[in-house]
Amino acid sequence: SRGKGYGRKALELLLERAFVTDHIPKLRNDFEAGRDAALAIHLAAGFRQVGTEWSRRFGREIEILVLELTREEYLARRCQILPVDNPDERAAIAASVLADLPDWFGLPESTAEYVRASRDLPFWAARCAGEDLGFLALRQTGPEAAELYVMGVRPGYHHLGLGRKLFDAAYQYARERGYRFLQVKTVQEGRCPEYDRTNAFYRSLGFTELDCLPTLWDSWNPCQIFIMSVT
């Protein structure tokens, strides 16, 4: 029965049960080096090799490859980027995600405004197994321009590609509607480690610095504007 996909299907069912039904935070497995078929199935499912060990089995020393997969990694791979049309649902998602990000959204008044405004803006959620892992709201700023008004991904899901997937959905929306430019407002580099990582993310998407407005928000919180062309 080898070569018919039964092993891959069995692993998919196991992961579904472990991560979605039982909420297990992490799975770990090991393989004897050279078991290429079994290793390939696990790597295709998202497992990462995290180490190598030596173990005495069956009377001999063998090399063991150690693999891991976290629940966050699993859900991020399966997540869908979905438009959200209901204003109350938009606000609820924004409020829930931003509450998990106090290092970025720690001012109650401004966070409340982000939530309020999200009700009426084009809005996408990163969703898997009924969980909203992140969101993005887009706001038109001119006849041919829009901005990433507010965006957030829950901390456990950072660096797993969800931010880029959300951006791709917003970029496609902007392109289809004939926008020529996108912008995003952030905090000037060097002021806050969290926002320094955010700025690096925007640069990786193709944004470039346009201007810094030191008094738009607060003197200790200078506003950096990034811009990109929609092609």
Side-chain angles (χ1 to χ4, degrees), residues 72-101 104-105 110-187 194-195 197-213 216-217 223-231:
E72 290 82 3
E73 290 167 335
Y74 173 78
L75 293 183
R77 285 172 62 91
R78 297 188 63 212
C79 132
Q80 292 180 293
I81 306 302
L82 302 173
V84 179
D85 297 324
N86 183 281
D88 290 339
E89 187 179 2
R90 292 170 176 168
I93 294 170
S96 176
V97 173
L98 296 184
D100 273 356
L101 299 167
W104 287 266
F105 299 93
S110 61
T111 300
E113 177 58 24
Y114 283 129
V115 171
R116 185 202 64 77
S118 292
R119 295 177 56 87
D120 303 314
L121 297 175
F123 189 105
W124 295 266
R127 183 173 296 169
C128 184
E131 295 185 40
D132 292 307
L133 313 179
F135 77 95
L136 186 153
L138 190 74
R139 182 174 71 170
Q140 185 174 356
T141 57
E144 297 181 290
E147 72 169 338
L148 310 187
Y149 176 67
V150 60
M151 177 181 184
V153 173
R154 298 189 191 276
Y157 297 91
H158 288 184
H159 311 297
L160 296 179
L162 296 186
R164 184 173 291 274
K165 290 180 181 179
L166 287 163
F167 168 77
D168 287 345
Y171 183 93
Q172 184 62 28
Y173 176 94
R175 184 178 181 183
E176 290 171 354
R177 281 152 184 77
Y179 293 126
R180 295 179 60 198
F181 300 102
L182 286 176
Q183 66 162 301
V184 63
K185 296 184 180 73
T186 180
V187 176
E194 289 78 15
Y195 274 98
R197 294 195 296 272
T198 299
N199 294 343
F201 166 70
Y202 289 134
R203 286 195 180 90
S204 76
L205 296 177
F207 282 91
T208 188
E209 292 183 24
L210 175 67
D211 198 4
C212 181
L213 306 178
L216 181 64
W217 295 331
C223 173
Q224 176 69 58
I225 299 177
F226 282 83
I227 193 170
M228 74 180 305
S229 174
V230 178
T231 58

Any side-chain heavy atom of [X] sitting closer than 4.5 Å to one from [Y]?
X	Y	result
Glu72	Leu162	no
Trp104	Arg197	yes
Ile227	Thr208	yes
Thr141	Gln183	yes
Leu75	Leu160	no

Just verifying a value: how many Å separate [X] [atom1] and [Y] [atom2], rounded to the nearest 0.5 Å?
X	Y	atom1	atom2	result
Phe226	Phe201	CZ	CZ	12.0 Å
Leu133	Arg78	CG	CZ	11.5 Å
Tyr157	Cys79	OH	SG	9.5 Å
Asn86	Ile93	CG	CD1	9.0 Å
Arg119	Asp88	CZ	CG	4.5 Å
Leu136	Lys165	CG	NZ	15.0 Å

Greater than 12 external heavy atoms within 6.0 Å of [X]'s [atom1]:
X	atom1	result
Gln80	CD	no
Arg175	CZ	no
Arg177	CZ	yes

field: Test ring pair (Phe, Tyr, Trp, His ring centres under 6.0 Å) applied to Phe167 - qualifying residues, sequence neighbours left out
entry: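 Testing Phe167 for ring pair (Phe, Tyr, Trp, His ring centres under 6.0 Å), a comparison that skips the adjacent residues, returns Tyr171, Phe207.
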task: Determine the sole option in Arg90, Arg127, Arg154 for which the salt bridge (charged side-chain N to carboxylate O under 4.0 Å, His left out) test with Asp132 is passed.
output: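 Answer to the salt bridge (charged side-chain N to carboxylate O under 4.0 Å, His left out) test with Asp132 among Arg90, Arg127, Arg154: Arg127.
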task: Could you check Ile225 against Lys185 for side chain to side chain contact (heavy atoms under 4.5 Å, CB included), going step by step and ending with a plain yes or no?
output: CA-CA 5 Å; Ile225 299 177; Lys185 296 184 180 73; 4.3 Å; yes
How far apart are the closest heavy atoms of [X] and [Y], and which atoms are they?
X	Y	result
Tyr179	Ala145	CD2-N, 3.6 Å
Ala169	Ile81	CB-CG2, 3.7 Å
Ser118	Phe135	OG-CE1, 4.4 Å
Val115	Ala91	CG1-O, 3.5 Å

task: Could you check Leu213, Thr198, Thr186 and say which one makes a side chain to side chain contact (heavy atoms under 4.5 Å, CB included) with Gln224?
output: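 When Leu213, Thr198, Thr186 are each tested with Gln224, the side chain to side chain contact (heavy atoms under 4.5 Å, CB included) holds only for Thr186.
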Side-chain (Asn199) to main-chain (Val187) donor-acceptor, under 3.5 angstrom: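 Answer holds: yes.
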field: Backbone N/O of Ala92 and side chain of Ser96: donor-acceptor pair under 3.5 Å
entry: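 Looks like no, no N/O pair under 3.5 Å.
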query: Do Leu148 and Tyr202 pass the side chain to side chain contact (heavy atoms under 4.5 Å, CB included) test, and can you show the C-alpha distance, the side-chain angles, and the key distance before you say yes or no?
result: CA-CA 11 Å; Leu148 310 187; Tyr202 289 134; 4.1 Å; yes
message: Show, in sequence, the C-alpha distance, side-chain angles and deciding distance for Asp168 and Gln172, and conclude whether the side chain to side chain contact (heavy atoms under 4.5 Å, CB included) test is met.
response: CA-CA 6 Å; Asp168 287 345; Gln172 184 62 28; over 6 Å; no
query: Under the side chain to side chain contact (heavy atoms under 4.5 Å, CB included) criterion, do Phe123 and Glu89 qualify, and how do the steps go?
result: CA-CA 10 Å; Phe123 189 105; Glu89 187 179 2; over 6 Å; no
